[in-house]
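Heads up, the thing below is written out as structure tokens.
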Amino acid sequence: MDNEKTCPGHNETNLYASRRNFLRTSTALAALAVASPVIVKAGENDEKIAALFEKMPLQIEVNGMAHSLSVEPRVTLLDLLREQLHLSGTKKGCDHGQCGACTVHVNGKRINSCLSLAVMNEGKKVTTIEGLANGDKLHPMQEAFIKHDGFQCGYCTPGQIMSAVACINEGHASNEEEIKEFMSGNICRCGAYPNIVDAIMDVKKGGQSL
Amino acid sequence: MKNIDSYTHVRGESVYLDDIPVVNGTLYAAVFDSPVAHGKIKSLDIREAAAMHGVVKIFTAKDVPGDNQIGGIIPDEELLASTHVHFCGMPIALVVAETDEAARVALKKIKVVIESLPVITDPREAKEKGELIIPSRTFQIGDTINAWHQCEYVFEGRADTNGQEHLYIETQGAYSLPQENSAIRIYSSTQGPTAVQRTTARVLNIPMHQVEVDTTRLGGGFGGKEDQATTWGVMCALATYHLKKPVKYSLQRMEDMRMTGKRHPYSSDFKIGLNKDLKIVAYEATFYQNAGAAADLSPAVMERTLFHCTNSYFVPNVKATAYSCRTNLPPNTAFRGFGGPQGMFVIEAAIAKAADALGISASVIQQKNLLQTGDEFPYGQKAESEANECWDKAVELYDLEKLQKEISDFNHSNKQYKKGMALMPICFGISFTKTMMNQARALVHVYTDGSVGVSTGAVEMGQGVNTKMLQVATNIFSIDPAKVKINSTNTYRIANTSPSAASATADLNGKATEIACKEILKRLKKVAAEEFKTSEENIDLKDEWVYANGEKTMWEWKRLVFETYFRRISLSEHGHYTPPDIHYDLKKEKGHPFAYHVYGTVIITVTIDCLRGIYEFDSVKVVHDFGNSMNTIIDIGQCEGGIVQGIGWMTMEEIVYDKEGKLLSNALSTYKVPDIYSVPKEIDIHFLATQKDNLAIFRSKAVGEPPLLYGIGAYFALRNAVKAFNPSADIPYDAPMTPEKVLMSLYHPFKK
């Protein structure tokens, strides 16, 4: 599933609230279906009960490791990675899908992990920046970012690199113009853009399989 | 040398504030902020919110044990509003809960009744009403009143520049942990750890030694975390103080944009007079700085506007007055350039206006008035100028004549597209303008295994300062870079630091590191001299080997270190540096405030689409005065990044508040920063390498802020392109020049 299909647009006025309401509605239905009457009777504290019901099982593979998790449906993939799996390499820049710092691969496709709910990724394979290198050996794109100085503060870098790898894999890196078009969702406030383009061009020319 | 954080950056292993593993029992904070820009708090009801599940405690102004005050320069800003609110986004209450979600849900249950008071957003209106942060200041040289008679041409006008959101991709945040005996450790995403420490101590009424502030690195700062990071550190510490629990607050993007100040918008009036040879004889400017609701750093920013009001030009008669105007916007703050760019824009506007009226290129006037060595700035310092060198080199290297011809040819043969070009010389003074702040310390330890630990007051925020610190230590000891580690910036290791700002961080902290390393080196050499029975001058360290009288000895670095330790000689040193010869007399507004100046010239070319108003920068060609760059990779990065940010400020970044003082451009969807498309198609950076002595670290001149000033040229290039399409276009000097504004000015006179 793509972000575009599941997230109701860039409603920045109150994305948080709408996401939550949407989930409350949908999970209440799910809860009704599975709840036993005994538990419902114990429901004196709405929040506690809600939390109990709202947890859903999730099977997900992250960086080659299978996880069997229990998550609240409102939790984004980004928060799952950062808070529950302690993979803090994926960054939160805006939480609205506007900066690209949280880019990860799901089944090989790049997405903004802040716009994807964790539970939407049931049975999928997620790769984060931590899963790119092979032990100490850097991925060619990581090498290229170092070679071309494709960062300054480094905060957007994990997202840039994940996006850059996908950009090439999608076949969207045949020239500078194309790279710009397909990297335009990743903001770098330090302005290391020329070097980011150089790094991607370099890897593309190298022709390695990513 | 590559940035020393490269490896961890590309692996996602670099630790930023929000990545610090949380300790068991950590609570989460969120701020309830004012929904109105100015008013009296009639009632604040936190009862329902406080009773919510997961909420631990809600703090208000009443819970501040010390001084409810975060104003650094002037104590005029409350941490938590007690009786009045002065801007939309002003913190009123601090919710602390077991989870981030619970804290944010509780925010919605806080009820505040505020009686509205009149809102001012315009600095000129504030000045009219006497709402000034500090008394106005005037810089003066010569006598403008009498000078106007000597002028052949006199032009007057108005120039405006909007603010700029920092938009560091890492939002503001802090994490505080209780320590034994009521001490508090604060991890803070700040450019000024000491400011966080000092303000925490003041707000909690505890000694500074009880507050440890630690900063590993920032995901961007750009000035936005110089003073404005303090609030969040103090908020967390306040909760930790009361609850004895770890408390974390990492701001959401919209909270950050709504609650924090930005680059100061300025509105200014100018009057410029030239003689028949196009020499600028007199210049007057009045600056109305939009300070926002509290002083923050505004007085210092205003000061730098005055220091840079004549940019790179010598003007014998100048009178420049600046007002820091209090409005009901979030307190505006430091942003790369720190008031300098705002001042320079105005004189560039004045020159452009003169050039338009005289039917010549602005570059003719610019070139004729460049600073020469020995010329006096309005504040009394004599220039050691590279202005002409940079300009001449740019004209020659980039073949200005050819460029001009190409543009002229293009414009003759194209109707829908027009090109415009502008030159922009820059001059930026290096040092904190407050002389007292020009001091730094470094702590260097050499361990018995030969490894070296360096701590300084410098905060790494992408500018590569830690890499430069490492280069200093590596270079002086002549050891492998892998032997040196740069530690986090910590107020327990380095006290009383100045913020990492003013482009001066590498110079000040680098010199302190150099002093500390050299002192240790002296001791090491003494030991070697005794061992090899020669004098210390005849001992050299090269590539981790000891040389005596030019001969390689049996001692390598590690042995030398151990032998020194064995003799009970200290392998640690705390270096202190303060640049010589800088001083300033506030009464006379004269002195020698800067250690040195950085110069440069840019030629910017743009193509506009005259049907749509959109544009693309074809090229940015720079000759920049780096001195003797100690790290060309980092310095080029700073240059390119500064240019992109400067162009952003002048073109697409448009901050919009409504009349009620509410920020409308409050997310990345409504506030556009340069993306990968916004980068000029070509950026050439030529190093004006000079061997002249200067006060920079290893003679490598400061590079953080000056390149941003090149962006100002983008505005004037756009203007010239519009003029090429519509010579009678009446374009106000009002930046940013958004595509909408370009479009409007292209057809402006045809409108009825």
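Reckoned from all heavy atoms, side chains included, excluding hydrogens, waters and symmetry mates. Just so it is clear: chains get the letters A, B, ... in the order the sequence lines come, proteins before strands, and each one is counted from 1.
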Between [options], the one whose heavy-atom pairs under 4.5 Å with chain A are most numerous:
| options | value |
| --- | --- |
| Ser14(B), Ser250(B), Pro674(B), Ser678(B) | Pro674(B) |
| Val644(B), Ile169(B), Val22(B), Val15(B) | Ile169(B) |
| Ile636(B), Ile683(B), Leu167(B) | Leu167(B) |

Using heavy-atom distances under 4.5 Å, tell me whether [X] contacts chain A through its side chain, its backbone, both, or neither.
| X | value |
| --- | --- |
| Glu13(B) | neither |
| Asp5(B) | neither |
| Glu165(B) | backbone |
| Ile633(B) | both |
| Thr171(B) | side chain |
| Gln638(B) | both |

Would you give the length of the straight line joining atom CD1 of Ile604(B) to atom CZ of Phe617(B), rounded to the nearest 0.5 angstrom?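 Interatomic distance, Ile604(B) CD1 to Phe617(B) CZ, rounded to 0.5 Å: 6.5 Å.
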Quick one: what part of [X] sits under 4.5 Å from any heavy atom of chain B, side chain, backbone, both or neither?
| X | value |
| --- | --- |
| Leu132(A) | neither |
| Glu181(A) | both |
| Ala192(A) | neither |
| Lys180(A) | both |

Assess the side chains of Ser116(A) and Asn121(A): does a donor N or O sit below 3.5 Å from an acceptor N or O?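 Looking only at side-chain atoms, Asn121(A) and Ser116(A) do form a donor-acceptor pair, the distance falling under 3.5 Å.
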Taking atom types as modelled, is there a side-chain donor on Asp256(B) or Tyr168(B) under 3.5 Å from an acceptor on the other?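 Indeed, the side chains of Asp256(B) and Tyr168(B) share at least one donor-acceptor pair under 3.5 Å.
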When you look at Asp95(A) and Lys92(A), which way does the salt bridge (Lys or Arg N to Asp or Glu O under 4.0 Å) test go after all the steps? CA-CA 6 Å; Asp95(A) 217 15; Lys92(A) 185 182 281 189; 3.7 Å; yes
Would you say the ring centers of Tyr28(B) and Tyr249(B) fall short of 6.0 Å from each other?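 So the answer is no for these two rings.
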Verify whether the ring centers belonging to Tyr710(B) and His624(B) lie closer than 6.0 Å.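 Yes, they do, as the ring centres are separated by less than 6.0 Å.
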Relative to each other, are the rings of Phe222(B) and Phe335(B) parallel, tilted or perpendicular (30° and 60° limits)?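 Judged by the thresholds at 30° and 60°, the geometry between Phe222(B) and Phe335(B) is parallel.
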Parallel, tilted or perpendicular: ring planes of Tyr16(B) versus His9(B), cut at 30 and 60 degrees: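 Rings of Tyr16(B) and His9(B): parallel, under 30°.
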Charged N to carboxylate O under 4.0 angstrom, Lys91(A) versus Asp18(B)?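 No, this pair does not count.
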For the interface with chain B, which of [options] has the highest count of heavy-atom pairs at distances below 4.5 Å?
| options | value |
| --- | --- |
| Asn195(A), Ile196(A), Ile129(A) | Ile129(A) |
| Asp136(A), Leu87(A), Ile161(A) | Asp136(A) |
| Cys190(A), Pro158(A), Gly89(A) | Cys190(A) |

Thr190(B) side chain vs Ala229(B) backbone, donor-acceptor pair below 3.5 Å: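 Absent.
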